[in-house]
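Here is the structure we will look at, set down as structure tokens.
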Amino acid sequence: MLRVSSMESCYGRIKALKGISLEVRRGETVALVGANGAGKTTFLRTLSGVQPMSAGSIHFDGEDISRLRSDMRMRRGICQSPEGRQVFGPLSIDDNLRLGAYTQPKHQVEGDLEKVFAMFPILKEKRKLPAGTLSGGQQQMLAIGRALMGRPKMLLLDEPSMGLAPLLVEEVFNVVKTLKAQGMTILLVEQNAFAALAIADRGYVLETGNVTLTGTGQELISNEQVRAAYLGM
Amino acid sequence: MAQFLQFLFSGMTVGATYALAALGFTLIYNASNVINFAQGEFIMLGGMLAVFFTQAGLPLPIALVLAILVPAIVGVVLEKLAIEPVKGAETVTLIIITIGASLVIRGLIQVWLGKGTHSLPAFSGDVPIEILGATLMPQSLWVLGVTGLVVVALWYFFSRTLHGKAMLATSFNRLAAELVGINTSWVLFMSFAMSAALGAVGGILVTPITLTSYDVGIMLGLKGFVAAVVGGLGNGLGAVLGGLLVGILEAMGAGYISSAYKDAIPFVLILFMLFFMPRGLFGGKSTDRV
Amino acid sequence: MKKNAYVGLYIVIAILLVLPFVLPNSFYVDLAIRMAINAVIVLGLNLLIGFAGQISMGHAGFLGIGAYASAVLPTHFGWHPLLAMGAGAVATGLLAALVARPIFKLKGHYLAMATLGLGIIINIVLRTEAALTGGPDGMPVPALGLLGFELSSDKHWYWVVALLLSVSVWASLNLIDSPFGRALRALHGSEVASQVAGVDVVRYKVSIFVISAVFASLMGSVTAHYVGFVTPNFADFFHSIELVTMVVIGGMASVYGSLVGAVLLTALPQALATFEGWETVAFGTILMICMIFMPRGLVPTLAAKFGKGA
Amino acid sequence: AEPIKIGSVLSVTGPAAFLGDPELKTMQMYIEELNKKGGVLGRQLQLVHYDDGSDANKANGFAKRLIDDDKVDILIGGTTTGSTMSMVPLAQKANIPFISLAGAVIIIEPVKSWVFKMAHTDRMAAEKVFEDMQKRGISKVALLSETSGFGNSGKKETEGVAAKYGITLVANETYGPKDTDASPQLTKIKNTAGVQAVFVFGLGQGPAIVTKNYKQLGIKLPLYHSHGVASEEFIKLAGPSAEGVRFPAAALLVADKLPANDPQKPVVTAYAKAFKDKWKTDVSTFGGHAYDGLMLMADAMTRAKSTDKAKVRDAIEATKGYIGTGGKVNMSATDHMGLDLSSFRLLEVKNGDWTLVQ
Amino acid sequence: MALLEVKQLSIQFGGVKAVQNVSFSIEPGIVYAVIGPNGAGKTTLFNLITGVYTPTSGSILLDGESIGGKPPNELARRGVARTFQNLQICMNMSALENVMVGAHLRLDRNPLKAALRFPSIKRRDAELREESAELMRFVGLEKYIEARADSMPYGALKRLEIARALALKPRIIFLDEPAAGLNPKETIEVDELVRKVADSGVTVVLVEHDMKMVMNLSDRILVLDYGKKLTEGTGDEVRKNPDVIAAYLGTHA
Ligand SMILES: Nc1ncnc2c1ncn2[C@@H]1O[C@H](COP(=O)(O)OP(=O)(O)OP(=O)(O)O)[C@@H](O)[C@H]1O
Ligand SMILES: Nc1ncnc2c1ncn2[C@@H]1O[C@H](COP(=O)(O)OP(=O)(O)OP(=O)(O)O)[C@@H](O)[C@H]1O
Ligand SMILES: [Mg+2]
Ligand SMILES: [Mg+2]
């Protein structure tokens, strides 16, 4: 479904991605792990088209989307819950979610809203409040909910469990599992590498802008290097 | 009483011209967080072009349409050439760019249409309306009326439509806006087109009262900025009230206190007001958390 | 701030030393003096705008106070010019300190508008109190005597101003790379973070506002004596904007940027003066092009390009 | 031979552009014309001009540039009093003749050895107006002046000479040069007891707005303006509201209405025609000052038979009976303007045109 | 005597009662954790104690002295340092300078002396530069000593905040989710780091959702829920508390 070949991206003169090639098949959940600064966030942003790509190509659903504007990629079904939440602070939670469905037909929005509220009841409780006043974890829920409102064909999650309470971490992973079961394609960046690899079909290990290792989730979990470097075991 | 009423009318008329300018600021600010110091020039363009096209012998409706269309195009060109390329730059940088743009627009009009002052005939004649011994010009009602309409339209757009929300979202967080599929370039494009057109409409409306020349944009732009800030940036109703407030304070100041200090009086009061309302009359509370 | 930051200072001093001997005539000396005066003002303003991140769109007002103190006090009250200059600086400092506390509750565009208003109020007072200030037409300023010898020739002025400039650059470099300067930059970056680190944010904002205002006032006095004539244009809104433009074009938070900005924008109108009607267009175009291609200002952008410290 | 360099600093843009623009146009036009006729003293004239944007500080800088860098032979210009005054010390120091086109009395009072001026003074304008008021038996007047240099100086002079004509100023208001409305001030004046006439001292579009407001508020008192409205534009902008307005102006404005025996007639008709033909805009008296300055200079140089600065200065000071657009000029060591009240005409707007008040 | 004592502390935003009548006290030298579901009021509690917010009611005593409503810089003076859940890094400065700002109060801040380049100031600055670099190594940022803050990844910035807080030489330090955004291995590093800080005698107050880390480190734990105190106790007590399990931990921990 997604094929990225030798993607490069730079901040000024510093190359943050040095030729990443990766593939995600339809319905697959793929985890991306790596230390701070490995380039995971940069990779997701480049995929969404909000970070310029200096070399390489991206094919999605058989189409070359490398030159496509970010909003067009979103319309093709690539939705992202970004790092650092990035909610629209002064807008209400309701509006934040509705904007998540900006590209979607109107009639389905109410139903989707209810689905998100069912997932994160606290958002419903606070739906009229400005998103900026939410606590860190609540904003994280909002960011995930907003991405889901776009009815993604492929969902990009950048550290979705960050700042969430244990109960909710579990909840979020359950959501991912459910979505996966419904056939959604998911690209998951997580520091909680163990949990991520556990539910992923496959995983990639990123190191300073390069893919250094790849395999099924289980393979990676049992890989000595990975265990030492990322799982702290 | 009649005297007070006269000051009030006078202040409202002047204030409404400030309000129209302020609304233009609001529109662009809401889409991009940019304070467009060239806003005054759009007002000037509206008035000057209306004069030029009518003098050139075009039928009035066509002249007016052109006088609105051309500034809109100028606004769009400005956005594409000067604002879009520097997205994410510091506020002051953008301020300087828009100041540069205003110089260019003003300079070109000066070279093209000269430095003369011009007037347009009032839309509904020059016979003053008497109310309780005070007089009000029919043109003032036009200005006030259109200002009112624009506020309502803006309020509806920003608080009731998804596209309005999308515009706000773009100004709050451009990255996130792009991630939810908003074409932020288009949003900016539209905001400049709309506010330039709005400015031009304002320029046409106020010219019968204020006269126009290549350099009226400076003062209107400045007062419009003040009005927009006083009202609370980004709030249409605030912009209008801010404009009226400044206008009325000037008139009352000139009438009751000292005409020499009439321009200073609103500033003194506004400074005091800001000390108690640091985000203007209707500026939203900060929602930033740490 | 790297060690080589001071290299620029030596270059500046070297240029200042050579300049009078290569300039063709006293018009260019005059231009150089005006550039240097502006540079000192812009240095101070850059501390406020570039380093501390607090915009002021009314600084010309402070300049005006200094200039008029030097004009009014000696003319009408017979004060010694140096005393008048000092009084102007003190008055400016007091005024700035008085308004700073409430003003710095404001942020961003609200602050911009408040400072703009302050500048306009000062300007209106200078314009209106015609009995003292000569009104919109301005008034002449008596010559400045220093230790019994009158500053009259351009060359004398040049050396005085060159010395002032060198000292100001040196002091600015020192200041920004000190605990005080770091606190200023930190409150620009994040107010709560600096506050939690112990920075009394309000006090620092007030101090730097006062310092830059006093700088402007002193240089206003110097300009007044040098030109020999003051008008309310010294203090008007456009002059404030011009000063801010110098800061931004040269480069925010860049000491050498201040110099470059001041030099360029002082020279530009002279260079464009022969354009006959097209000056405004040309000036605006140049402003825009500079900012579009170098949004961070000349010096920081070029420094980043050629990999040198700013 | 080397051309004679004429340095000029004019306010071609900014608030005083209304004055500076026709001044520059006139200078350009007549220098070309003089050169076609062979120049002065057989040398061509060269104009070096800078626009001060109505900022006196800039005028000072440009004057320095003209003197030190361009090395001009004479300075003509200084559109506003502020610009002029900021240039005066430089001209005095450099010993270069300086013919100012601005209005205020302080330019020539006290006399400055190298400085001359062409325009009528604001004091004369006030006197001309008061003279007429006196004739009509008006003694209580409201003054509404502009907060520009022009208006401010006018205000001072008006206040100064009022008593001489037995006039008291019962109201004294101001408006800003860029104001778009003066109704509050006019309302206040309207409600002041005893006012018999209103005198407005301003320049450019401001007086037009005041005049419109005056009509809107239904004030019926006689309305006087200063010579600051002396251009066709005023009538166009103020429209029917201008009916009955009186103001002093140079003969230029009514060139075609002057009696045939008026000594100024040939000069002003020729200038008015030439200017209109060349620039396709109406004449204003301010352009006329530039004409006078230039011609006076040419005359003086011819008499001095040299461009030597001191000799030219002396020749200018010795000017007698020169007829210009502003009137008959008789300079002397104590009078560096050389005009008297008779050079001002009092005009009234009737049926959308100027008429001479006899 | 308790180092910090909080009594009946409350704050309200509009209708939202973010913290309600919370009381507790912290003995010097311990690691004290605050946990609770998202939106329970942990960050708000930190904001109250460190002076970012002014309490609606209640009192905060540091060393027995009331500090409620005092501005943050005043508290910094008394040895209170903190990090932020929503990063507060000065992006216009280098990483090292960010840390140096933390030492602000320990320096001579006279602008005149600085402008005149007094040798004493220069000398002290050079020392501080060394000290700050040392702190960066201490938190595991040796790689970024020369870096500009705006070019650093999220996880590194989290640690930069800790270094900056330490530069204050605090008596008590408040850490808001120091391990968020770190992988398990990095979390262990931070875990050790906090241990070292606590061992050096600094009282640590910790908000964290990583239960392993919390249980590992803390001497006492305060549990908040809906702005109210749910319970307080040692790790074991809290872990077994059924209310805490229901509201926060789930079956998982
Ligand atoms: N704005 C920026 N300017 C310059 N360099 C940057 C910028 N943002 C990130 N980098 C650099 O790019 C590299 C990749 O960063 P990225 O944020 O993608 O890492 P990450 O894997 O998401 O890390 P984390 O786990 O901390 O989120 C890092 O070396 C970082 O220093
Ligand atoms: N400035 C504010 N305005 C309105 N509500 C606020 C404000 N600050 C906090 N709140 C509300 O107070 C509650 C507590 O927020 P707080 O950030 O303290 O939670 P938290 O315990 O830190 O959560 P998390 O674990 O998600 O970080 C939240 O419901 C939040 O919406
Ligand atoms: Mg990341
Ligand atoms: Mg929190």
Side-chain angles (χ1 to χ4, degrees), chain B residues 25 29 33 35 37-38 78 81-83 85-108 110-111 214 218 222 225-226 228-230 232-233 258 260-268 270-272 274-280 283 286 288 290, chain C residues 49-50 53 55 57 99 101-103 105-125 127-130 190-193 196 237-238 241 244-245 247-249 252 276-297:
Chain B
F25 279 101
Y29 180 81
N33 269 332
I35 286 288
F37 273 93
L78 168 63
L81 291 186
I83 306 294
V86 288
K87 53 183 173 192
E90 293 233 24
T91 322
V92 246
T93 303
L94 288 162
I95 288 184
I96 303 290
I97 289 180
T98 57
I99 288 176
S102 77
L103 291 177
V104 172
I105 297 173
R106 192 186 312 147
L108 286 174
Q110 177 206 314
V111 173
Y214 77 102
I218 308 173
L222 192 64
F225 170 61
V226 172
V229 173
V230 167
L233 272 173
S258 148
Y261 279 106
K262 80 171 182 26
D263 285 318
I265 291 163
F267 277 113
V268 173
I270 285 165
L271 288 184
F272 265 104
L274 283 179
F275 299 156
F276 299 103
M277 283 187 259
R279 299 175 74 87
S286 163
D288 293 343
V290 288
Chain C
I49 298 182
I55 194 164
M57 303 230 290
V99 295
R101 256 168 207 279
I103 274 191
K105 270 200 203 163
L106 306 175
K107 295 200 165 62
H109 296 298
Y110 295 91
L111 179 63
M113 126 97 231
T115 47
L116 181 151
L118 181 67
I120 288 182
I121 293 172
I122 295 173
N123 184 247
I124 292 177
V125 173
R127 241 170 233 286
T128 308
E129 296 306 318
S190 161
E191 265 185 39
V192 306
V196 164
F237 166 68
F238 300 103
I241 295 292
V244 175
T245 310
V247 171
V248 180
I249 290 260
M252 302 233 294
E276 203 64 31
W278 290 88
E279 295 108 314
T280 328
V281 181
F283 190 78
T285 311
I286 292 172
L287 275 194
M288 286 173 76
I289 290 178
C290 280
M291 295 287 49
I292 292 169
F293 293 104
M294 292 179 268
R296 291 164 55 214

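Protein chains get the first letters and strands the later ones, always in sequence-line order, with residue 1 at the start of each. Everything quoted here is computed from the prediction, not taken from an experiment.
Looking at B:Phe37, only its side chain comes within 4.5 Å of chain C, counting heavy atoms on both sides. Looking at B:Val111, the atoms closer than 4.5 Å to chain C (heavy atoms on both sides) all sit in the side chain, from C-beta outward. With a 4.5 Å cut-off on non-hydrogen atoms, B:Ala101 touches chain C through its backbone and its side chain both. For B:Ile105, no part lies near chain C; criterion is any non-hydrogen pair under 4.5 Å. The part of B:Leu271 that comes within reach of chain C is its side chain, from C-beta onward, which places non-hydrogen atoms under 4.5 angstrom from that chain. Contact of C:Phe237 with chain B is made through the side chain alone, with heavy-atom distances under 4.5 Å. If you measure heavy-atom distances from B:Ile265 to chain C, you find no contacts under 4.5 Å at all. For B:Phe272, no part lies near chain C; criterion is any non-hydrogen pair under 4.5 Å. Neither the backbone nor the side chain of B:Leu94 comes within less than 4.5 Å of any heavy atom in chain C.
A donor-acceptor pair under 3.5 Å links the side-chain atoms of C:Tyr110 to the main chain of B:Leu233, judged by distance alone.
Shortest non-hydrogen contact noted between B:Leu274 and C:Ala114 is CD1-CB, 4.4 Å. Contact between C:Ile103 and B:Phe275 at its shortest, heavy atoms only, is N-CE2, 4.0 Å. Closest of all the heavy-atom pairs between B:Leu222 and C:Leu116 is CD1-CD1, 3.8 Å. Residues C:Thr285 and B:Val104 share a closest heavy-atom pair of N-CG2, 3.4 Å. Closest approach of C:Ile292 to B:Leu81, counting heavy atoms only: CD1-O, 3.5 Å.
Between chain B and the options C:Val192, C:Ile289, C:Val247, C:Val125, heavy-atom pairs under 4.5 Å are most frequent for C:Val125. Ranked by heavy-atom pairs under 4.5 Å with chain C, the list B:Val229, B:Val86, B:Thr91 is led by B:Val229. The greatest number of non-hydrogen atom pairs below 4.5 Å with chain C, out of B:Ala260, B:Pro85, B:Ala82, is found for B:Ala82.
C:Ile120 places none of its side-chain heavy atoms less than 4.5 Å from the side chain of B:Asp263. Residues C:Ile49 and B:Glu90 are not in side-chain contact: their nearest non-hydrogen atoms beyond the backbone lie 4.5 Å or more apart.
C:Thr280 contributes atom OG1, which lies 7.0 Å from atom CG of B:Leu103 (distance to the nearest 0.5 angstrom). Once rounded to the nearest 0.5 Å, the distance linking CD1 of B:Ile96 with CE of C:Met288 reads 12.0 Å. To the nearest 0.5 Å, atom CZ of residue C:Arg127 and atom OH of residue B:Tyr261 are 12.0 Å apart. To the nearest 0.5 angstrom, B:Asn33 atom CG is 6.5 Å from C:His109 atom NE2.
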Test side-chain contact (heavy atoms from CB on, under 4.5 Å) on B:Gln110 and C:Trp278 and set out the steps.
-> CA-CA 9 Å; B:Gln110 177 206 314; C:Trp278 290 88; over 6 Å; no
